[in-house]
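Some notes on the structure that comes next.
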Amino acid sequence: MKYTTRQSAILLLSDGTIFHGKSIGISGTTFGEVCFNTGMTGYQEIFTDPSYFGQIMVATNTHIGNYGVNDKEVESDGIKISGLVCKNFSFNYSREDASGSLEDYFIKHNLICISDVDTRALVSYIRDNGAMNAVICTDGTSVEELKVALAKVPDMKGLELASKVSTKEPYFFGNEDATYKISALDLGIKTNILRNLAKRDCYIKVFPFDSTYEEMASFNPDGFFLSNGPGDPEPLSSAIEVAKEILANNKPLFGICLGHQVIGLANGVSTYKMFNGHRGINHPVKNIISGKGEITSQNHGFAVNKEELDNHPDLEITHLHLNDGTVAGMRMKNKNCFSVQYHPEASPGPHDSSYLFDQFIENIKG
């Protein structure tokens, strides 16, 4: 392997802290909220997950790129993160069924990456000081210029991002002769959610984020689904209204992640921005109904207010995050509706929670 010299690069946090590293070769600057994912595998799924739109991802696993990329292992139509921070970037890969290198994939999507960063120190700093906006710079722009530009980047709190990743036109997924029909609201839906529904004999029509209840109901579905997605749930007034109308018409409803938060807001329960959020594939959750523990895949920076849920007459908590006691799932006592804050379609990741898709089908049958 020949020796190559790489351009110096920096990660500048909004509080003025700077971390130094090397560019993988793509020149420029990129902005976003810096966050970290503790997963040891599945980097391609992370990079293409629409829920990460607007975020700079810090990978805690030491090596990124070592198994290349595979065209089948994507969660959307392309990379959704704003940039990547990692320790060791592998320009070479060793995987038999890889379709290419991660470097070429980044070049194709023009993703800026900084490697050779002390990611342990960076993650420790974020854990202590909370998620904040940041900029990766690989083109030598001065720190003072970067600080001025970074100060103009909006905070994630109050930011509506579903419109940036949602489909522009409705589309279908699955077998049109399937037993069940599902209307799904795309707030940033992951492809593996659609695969899991199709695998359970569902034909899905996916609707843009601002679709009305009437538009979704015109498909004559057996059930409704509200997807995951990026940003703050509170600005999603149209999605909240759709959830209210689905519930008013007593239709089966299942929500994941952002969809879970929208269901909470539709019931008058507030949401809040978390200090760090949960991002990884080993988060422990307890199912309050069955008493069983689940290892789960999670990706969220907002959560539903637990105290308000405890005091809500029509809602009950079904799942709790065992690390910090935050709400991981809920259901309605008087409606055919339930939701979870985590990702039962985990790909890759634990499959402990895939039963939730079966539960949705059972609710439809009932």
Side-chain angles (χ1 to χ4, degrees), residues 39 41-42 45 49 51 73 75 173-175 178-185 187 189-204 206 221-229 243 246-247 251-264 278-300 303-304 309 315-323 325-366:
T41 186
E45 289 87 342
D49 180 351
S51 294
E73 295 173 356
E75 292 294 347
F173 191 97
N175 178 7
T179 303
Y180 309 104
K181 293 166 65 178
I182 307 295
S183 283
L185 190 65
L187 305 176
I189 199 165
K190 291 173 67 179
T191 303
N192 207 44
I193 289 175
L194 298 174
R195 293 191 198 106
N196 269 275
L197 290 170
K199 189 166 68 175
R200 287 163 175 82
D201 204 19
C202 294
Y203 185 48
I204 309 103
V206 184
D222 299 291
F224 289 80
F225 176 78
L226 304 183
S227 84
N228 62 293
I246 294 170
L247 296 174
K251 302 295 183 181
L253 176 61
F254 179 26
I256 287 177
C257 205
L258 186 59
H260 159 83
Q261 297 159 13
V262 166
I263 291 172
H278 298 150
R279 298 175 181 91
I281 57 176
N282 61 346
H283 286 256
V285 163
K286 182 176 181 180
N287 184 322
I288 305 301
I289 308 302
S290 68
K292 293 181 178 180
E294 302 171 20
I295 301 301
T296 67
S297 174
Q298 302 210 4
N299 169 21
H300 61 103
V304 174
L309 261 179
L315 291 168
E316 66 176 331
I317 297 172
T318 58
H319 299 76
L320 285 175
H321 196 295
L322 291 177
N323 285 349
T326 53
V327 176
M330 64 185 181
R331 68 182 181 187
M332 296 193 69
K333 301 173 184 178
N334 58 342
K335 300 286 183 181
N336 193 345
C337 169
F338 73 105
S339 60
V340 288
Q341 181 61 81
Y342 53 96
H343 289 267
E345 81 292 341
S347 172
H351 298 154
D352 300 24
S353 306
S354 59
Y355 69 89
L356 291 164
F357 290 101
D358 299 318
Q359 182 177 319
F360 183 39
I361 303 305
E362 288 303 314
N363 284 3
I364 289 172
K365 289 180 181 178

Exercise. Measure the shortest side-chain to side-chain distance between Asn287 and Tyr355 over non-hydrogen atoms and say whether it is less than 4.5 angstrom.
Key: yes
Quiz item: How long is the gap from CG on Asn192 to CD on Glu75, to the nearest 0.5 Å?
Solution: 5.0 Å
Self-check item: Smallest separation among heavy atoms of Ile295 and Asp352, with atom names
Solution: N-OD2, 3.0 Å
Exercise. Indicate yes or no: at least one non-hydrogen side-chain atom of Ile289 is less than 4.5 angstrom from one of Arg331.
Key: yes
Practice problem: Begin from the C-alpha positions of Glu294 and Thr296 and carry the test side chain to side chain donor-acceptor pair (under 3.5 Å) through to its verdict. | Solution: CA-CA 6 Å; Glu294 302 171 20; Thr296 67; over 6 Å; no
Quiz item: Do Ile281 and Pro350 come close enough that some side-chain heavy atom pair is under 4.5 Å?
Solution: yes
Quiz item: With respect to Ser339, which candidate in His319, His260, Gln261 satisfies the side chain to side chain donor-acceptor pair (under 3.5 Å) definition?
Solution: His260
Quiz item: Taking atom NZ of Lys286 as the centre, does the number of heavy atoms from other residues, nucleotides or ligands within less than 6.0 Å exceed 12?
Solution: no
Self-check item: Ring geometry between Phe254 and Phe357 (parallel below 30°, tilted from 30 to 60°, perpendicular above 60°)
Solution: perpendicular
Quiz item: Between atom CD1 of Ile288 and atom CD1 of Ile317, what is the distance when rounded to the nearest 0.5 Å?
Solution: 8.0 Å
Quiz prompt | Taking every non-hydrogen atom, the tightest pair across Gly229 and Ser51 | solution = N-OG, 3.3 Å
Quiz prompt | Spacing of His351 atom NE2 and Glu345 atom CD [to the nearest 0.5 Å] | solution = 10.0 Å
Practice problem: Of all the heavy-atom pairs spanning Val327 and Val304, show the shortest one and how long it is. | Solution: CG2-O, 4.0 Å
Quiz item: Can you list the steps and then say if Cys337 with Leu247 is a side-chain contact (heavy atoms from CB on, under 4.5 Å)?
Solution: CA-CA 8 Å; Cys337 169; Leu247 296 174; 3.7 Å; yes
Quiz item: Under 4.5 Å between any side-chain heavy atoms of Gln341 and Thr326, yes or no?
Solution: no
Quiz item: About how many Å separate CD1 of Ile189 and CG of Leu258, when rounded to the nearest 0.5 Å?
Solution: 11.5 Å
Quiz item: Does one side chain, of Asn299 or Asp49, offer a donor that lies under 3.5 Å from an acceptor on the other?
Solution: yes
Quiz item: Could you go step by step and tell me if Ile256 and Lys190 meet the side-chain contact (heavy atoms from CB on, under 4.5 Å) rule?
Solution: CA-CA 10 Å; Ile256 287 177; Lys190 291 173 67 179; over 6 Å; no
Quiz item: Closest heavy-atom contact between Tyr180 and Lys365?
Solution: OH-CE, 2.9 Å
Quiz item: Is Leu187 close to Ser227 at the side-chain level, that is, under 4.5 Å between some pair of heavy atoms?
Solution: yes
Quiz item: Rounded to the nearest 0.5 Å, how far apart are CD of Gln298 and CZ of Arg279?
Solution: 10.5 Å
Self-check item: Minimum-distance pair of heavy atoms, taken over all atoms of His278 and His283
Solution: CB-CE1, 3.5 Å
Exercise. Could you list the residues that satisfy side-chain contact (heavy atoms from CB on, under 4.5 Å) with Pro348, not counting sequence neighbours?
Key: Thr41, Glu45
Quiz item: For the residue pair Ala178 and Cys202, what are the closest heavy atoms and their distance?
Solution: CB-C, 3.7 Å
Practice problem: Report yes if some heavy atom in the side chain of His300 is under 4.5 Å from a heavy atom in the side chain of Tyr342; otherwise report no. | Solution: no
Self-check item: Residue pair Asp222 / Pro252, side-chain heavy-atom distance below 4.5 Å
Solution: no
Quiz prompt | Beyond-backbone contact of Phe225 with Ile204, side-chain heavy atoms, under 4.5 angstrom | solution = no
Quiz item: How long is the span from the CG atom in Leu253 to the CD1 atom in Ile246, to the nearest 0.5 Å?
Solution: 5.0 Å
Quiz item: Only one of Leu356, Ile263, Thr318 forms a side-chain contact (heavy atoms from CB on, under 4.5 Å) with Phe338, so which one is it?
Solution: Leu356
Practice problem: Check the surroundings of atom NZ in Lys335: do more than 12 heavy atoms from other residues, nucleotides or ligands lie under 6.0 Å from it? | Solution: yes
Self-check item: Main-chain N/O of Ser354 paired with Asn196 side-chain donor or acceptor, under 3.5 Å
Solution: no
